[in-house]
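Notes follow the structure.
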Amino acid sequence: MADRYEPVQFEARWRKRWAEADLFRTREEPGRPKFYGLDFFPYPSGAGLSVGHCRNYIPTDVLCRMKTMQGFNVLHPMGFDAFGLPAENEAIAKKTTPAPMIDRYAETYRRQMDLVGISYDWSRSFKSSDPSYYKWTQWIFKVLYQRGLAYRKPASVNWCPVDNTVLADEEVQGGLCWRCGTPVEKKWIPQWFFKITAYAQRLLDDLDKIDWPEGIKQMQRNWIGRSEGVEFSMRVVFGGPAASRADSGPLPMPGDPDLEALRTEVAIEVQPSPEVEQARRLAASIEDAARSIEGPTAFEKAMDDFERHAEKIQVKVQDKVPYLRVFTTRIDTIFGVTFCVIAPEHPLVETLIAQADSETAEAIRNYRTEAASMGEQDRLAAEREKTGVFSGAYAINPANGARVPIWIADYVLMNYGTGAIMGVPGHDERDFEFAGKFGLEVVRVIDSAVGANEPLPFPAKDGVMVNSGEYEGLTVAEGQRRLGEWIEGLGIGERKVNFKLRDWLISRQRYWGCPIPVIHTKDGEEQLVPDDQLPVYLPEVENYEPSGDGSSPLTRIPEFVNVTDLDGRLGRRETDTMGGFACSSWYFLRFCDPHNEDRAWDKDKVDYWMPVDAYVGGAEHAVMHLLYARFWTKVLFDAGYVPVDEPFQRLQNQGMLLAPTPFRKPRPGEKLSVGQEGIQITFDEARALPPEEVFFRMEKMSKSKGNVVTPEEAVEKYGADGVRIFELFVAPFEQSVPWSEEGATGAVRFLSRVFKLVAELAPHYDRQWKTSIDAIDMEGVARDVRRATHKAILKSTHDIERFAFNTYISCLMTFVNEVNEAIRKSPDPDPALRLALSEALESLILILSPAAPHSADELWESIGNAGFTFLHDWPTGDPALAADDEVQIAIQVNGKLRDTLTMPAGASQIEMESAARASAKVQTHLEGKTVRKVVVVPGRLVNIVAN
RNA sequence: GCCCGGGUGGCGGAAUGGUAGACGCAGCGGACUUAAAAUCCGUUGUCUUCGGGCGUGUGGGUUCGAGUCCCACCCCGGGCACCA
């Protein structure tokens, strides 16, 4: 029997035996509880895995292995998110096709995951690019479409001229393509969208029912970005002097007939005309009617027709009385409005140009051109000074009749709210800055208390209204309610909820993605491909380089494009493919029933396995993937296909493994962007440069940084179990930590100590210990061993459950140390101790098994036991046996530790207090003082308060 | 600027408001060895007049008692970023 950890001697052998026994095939025995443990769907890249990726897979594996041993039916699958740009780009570069390449990469991933002993059920594996999988991605697309949640609209999209593809807003980072770093341009083409905004409120609300890290939930809340406010109209007047409150004399105050008349007049002027009201009612009835129509096309068509007509009506109304629609979350500050700002893209800008004098019109045109030419990146740059141009027009504040200038500025965005705001510089930082820049008036209308005179800007919401006519003295909340009601009563606006969240753009003008199952008819209608014709296969082609004109390479394949529609006429197949986030929004459902050819999944199977009980992956997917997957699940729930409306009950984010990465200082002429500290270089370059030019930073391991340690390298050096133990032990699960060679040797040493201990205990091992151990009254060393055993079992179980893998490993170490000490004390154990040691021996191997499964099986066999530890029952800890007989009691005087006493665990408070008072050390500290109070915490401490 | 984490020995880290530093790494001393590696044993926050004092980013507060709770601030990491 080996008395040290020699992984080459046995690890590969055990992996072979596990595979031969089909050990990890999902158990679905009735009568057992279920557990679904899932890692994020990885995208297989040519670089293979690093030990950093294992930071994800190993902990999940530990949890799933323990759950299996605890008797759960465990679903622990792995598959591959195989569609996507990098594979396509790489295949183009290498003049090959993505499919076989991705197959090879996935094979590598699998080999590496097997190498570290992850217990995946590979019989359930699939790739999202398998036709048997994407058939059902297309089917779900149809479900969305049929529920009015998939639609096409021309939209300004982000265009990457290098990838020749469209990027989602979320895929643009700092104005650059997140993949290739090219500045993104704008392009208008028809795009497919999923209407995730229809689920915004539910996506927000249901965060409360899932067990996710609070930080991730908060990020999703911010992304959804719900804000309550008021949207209302302001009358627009052209020309005239640049009047402000100051030079237009005192404003009429509440009660003044002039003001009341003015308010009425303004309200009537900007009230929707009867035509618009009629159109609104019509819209509601169209919507109702559309819901009862079978098929979404009719609904969409009806809505299009309506919108076209509504637009005409709007234009008419605007011709008559131009008005400006603004959205504000701070209607309570309406008396502090000193200007308005509209986005350069706002439709009113055209009208303003037409009405302005030639000089102003010229300025506006220039400004608009400038704003349009600027990349989003520059326009939204953090500390950029405010810019803007006066439009020559004014808006009438409906609350006090003030005539305020309308400005055009790019700090207001067209795609949020109405693209227009009321400027309240007294109570908004950005407006304050803008007012300062252009010399606009700043008025105080909120204060922490009447007369407090807080410095402006004062954006706080806990305050009261001042200088606000009849609303004087109201709290912000009360003022918002009253003014909201007032505006609604006046008929010029309404309270409204706005979301930042935008609809999910899924169109990709790319080859390597899931085809969209839609046929465009000659008449420009959309037809869904019938179920029995799914999947729409991605054709095999030789040349699929991007066309460069924005259309997919599929456009150039006549046999793909040309089809007959449902009515037998010639039609055109949709050539856009779906972005990868679509594929990864339901794979967790397919794992429940991965090879079903008749439907996406059998409802019973999904009913059984869903939701995912532990979903584990990096925090970089905090928003997009998790939000999209939640959205699809909710849609499928509403359609009755899945039993849950949240897919992932519990989410855990692992930390990254960091590695030193070389950088050099910038050379003359090179510019660093904000937050960048140097230019990243290769290790070869670093060696070639003088040392003073090179510095190292800890960065996430990634192929592009050249700082990767592969699982192969690590396993060769430290063994699979050594790597597993080290990665678990090195830091708390969710924390990023540098990869360190020294730490890994500690893990190897620990495993060697386990082998040595088992070798020493083996001669004393009594396989029948269970039958007699509870009949014997243990004392001394035997009792200590039993206590250590049950403590270790209880703590391991609890720590794995709460994702505290580092303390799980440390408690194994402590356990080994304690048993070691026991046999050193009693090298010749008596029968009682032999029983205790036998229990310790078995328990140690079993609770070690999730973390170091190869070693556990090797040790298990070495002491003469058959079978795999994976199939053995998880030991049960007994809190009574784990309890200490004696405890150390801290004795404090005035909160400072003065003595520690050893006392029986059950000592009463009175016993503890008198023991404390009897302590000589305590008495010296009590000399000359009067005891005022004694605090006794049973089993813990006594604190004597004296002065 | 906003949001989310986090700041504890030389290092990674542990600690339901109750003895700060578990466990490991590195260091130091010793055993074994011709020697080294490996292994094992001991030791290791800091100052000290050896009584004890000081110690969990800083300053306050609550408490019999604070790494832990509250307030203000500083620093580090990540995310979002002119969202009205």
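Just so we're on the same page: letters track the sequence lines, and every chain starts at 1.
RNA chain B is contacted by both A:C811 and A:S752; A:C811 maps to the nucleotide lying nearer its 5′ end (nearest heavy atom per residue). Ranked by how close their nearest RNA chain B nucleotide is to the 5' end, A:I421 and A:K896 are led by A:K896.
In summary, A:E433 and A:K437 do not engage in a salt bridge, as defined by a charged side-chain N under 4.0 Å from a carboxylate O. With respect to A:R226 and A:E228, a salt bridge is recorded, a charged nitrogen being found less than 4.0 Å from a carboxylate O. The existence of a salt bridge linking A:D884 and A:R787 is confirmed by a sub-4.0 Å separation between a basic side-chain nitrogen and an acidic carboxylate oxygen. Ion pairing between a basic and an acidic side chain is recognised when a charged N comes within 4.0 Å of a carboxylate O; A:E494 and A:R325 show such pairing.
Among the atoms of the strands shown, only primed sugar atoms or phosphate atoms (P, OP1, OP2) are found under 4.0 Å from some heavy atom of A:S227. Heavy atoms of A:R226 sit nowhere under 4.0 angstrom from any nucleic acid atom. Using a 4.0 Å heavy-atom distance criterion, A:G746 is classed as a sugar-phosphate-only contact. In this structure, A:P732 reaches the sugar-phosphate backbone alone: every heavy-atom distance under 4.0 Å involves primed, P, OP1 or OP2 atoms, never a base.
For A:R824, counting side-chain heavy atoms from C-beta on, the closest listed nucleotide (B:rC41, B:rC23, B:rU19) is B:rC41. Closest approach to the A:R898 side chain among B:rG52, B:rG79, B:rU16 is made by B:rG52 (side chain taken as heavy atoms from C-beta onward). The side chain of A:T745 sits closest to B:rA26 out of B:rA84, B:rA26, B:rU19. Of the listed nucleotides (B:rC40, B:rC25, B:rU19), B:rU19 has the atom at the smallest distance from the side chain of A:T900. Checking B:rG18, B:rA84, B:rG79 against every side-chain atom of A:F327, the shortest atom distance belongs to B:rA84. Considering only the side chain of A:Q218, B:rC3 comes nearest among B:rG24, B:rC3, B:rG18. In this structure, the nucleotide among B:rC23, B:rA14, B:rG79 sitting nearest to the side chain of A:T814 is B:rC23. If you check B:rC41, B:rG65, B:rC82 against the side chain of A:D410, the one that comes closest is B:rC82. Considering only the side chain of A:Q888, B:rU19 comes nearest among B:rU19, B:rA84, B:rG52. Of the candidate nucleotides B:rC40, B:rG79, B:rC64, B:rG79 has the atom lying nearest to any side-chain atom of A:M219.
For the pair A:Q480 (side chain) and A:A477 (backbone), a donor-acceptor distance under 3.5 Å is absent. A:N653 contributes no side-chain N or O that, together with a main-chain N or O of A:E734, makes up a donor-acceptor pair within less than 3.5 Å.
Under the 90° criterion around 0 for the glycosidic angle, B:rG51 counts as syn. Under the 90° criterion around 0 for the glycosidic angle, B:rG67 counts as anti.
By the ring-ring contact (aromatic ring centres under 6.0 Å, His included) test, A:F339 is found to be paired with A:F434, residues two or more places apart in sequence or in another chain being considered. Among residues two or more places apart in sequence or in another chain, the side chain to side chain donor-acceptor pair (under 3.5 Å) test is passed with A:T418 by none.
Annotation: B:rG5 and B:rC11 have their P atoms spaced 26 Å apart (nearest Å). Straight-line distance between the C1' atoms of B:rC32 and B:rC41: roughly 11 Å, to the nearest whole Å. Comparing the same atom, C1', in B:rA66 and in B:rG52 gives a spacing of 23 Å after rounding to whole Å. Between B:rG9 and B:rC73, the two C1' atoms lie 26 Å apart (nearest whole Å). The P atoms of B:rG78 and B:rG18 are separated by 33 Å, rounded to the nearest whole Å.
Between the CD1 atom of A:I944 and the C1' atom of B:rG18 there is a distance of 15 Å, rounded to whole Å. The interatomic distance linking A:M903 (CE) with B:rU19 (C1') rounds to 15 Å, in whole Å. One atom, CD of A:E760, and another, P of B:rU39, lie 15 Å apart when rounded to the nearest Å. Distance A:R749 CZ to B:rC40 C1': 12 Å, rounded to the nearest Å. Rounding to whole angstrom units, CD1 of residue A:I216 and C1' of B:rG5 are separated by 10 Å. As a whole-Å value, the separation of A:D332 CG from B:rA84 P is 13 Å. We find that NZ of A:K217 is positioned 12 Å from P of B:rG5, with the value rounded to whole Å. When rounded to the nearest whole Å, the span between CZ of A:R940 and P of B:rA20 equals 11 Å.
The nearest pair of heavy atoms linking A:A759 to A:D3 is CB-CB, 4.1 Å. Closest non-hydrogen pair, A:G939 versus A:I889, comes out as C-CD1, 3.7 Å.
Ring centroid separation for the pair A:H427 and A:F432 does not come in under the 6.0 Å cut-off.
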Whether each nucleotide of nucleotides 6-12 of chain B has a protein heavy atom under 4.0 Å at its base (B), only at its sugar-phosphate (S) or at neither (-) is summarised, 5' to 3', as ------B
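Within residues 800-808 of chain A, the residues having any heavy atom closer than 4.0 Å to RNA chain B are, in order of number, A:R802, A:N806, A:T807.
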Which pairs of donor and acceptor atoms, one on a side chain in residues 803-811 of chain A, lie under 3.5 Å apart (sequence neighbours left out)?
| unit_1 | atom_1 | unit_2 | atom_2 | d |
| --- | --- | --- | --- | --- |
| A:T807 | OG1 | A:D799 | OD2 | 2.9 |
| A:T807 | OG1 | A:A804 | O | 3.1 |
| A:Y808 | OH | A:I847 | O | 2.6 |
| A:S810 | OG | A:T807 | O | 3.1 |

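A:N817 has its side chain within reach of A:R753: a pair of non-hydrogen atoms, C-beta onward, lies under 4.5 Å apart.
Checking A:N498 against A:S227 by side-chain atom types alone, no donor-acceptor pair falls below 3.5 Å.
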For RNA chain B, the expected dot-bracket line (Watson-Crick or G-U under 3.5 Å, [ ] crossing, | inter-strand) is (((((((..(((.....[....))).(((((.......))))).(((....)))..(((((..]....))))))))))))....
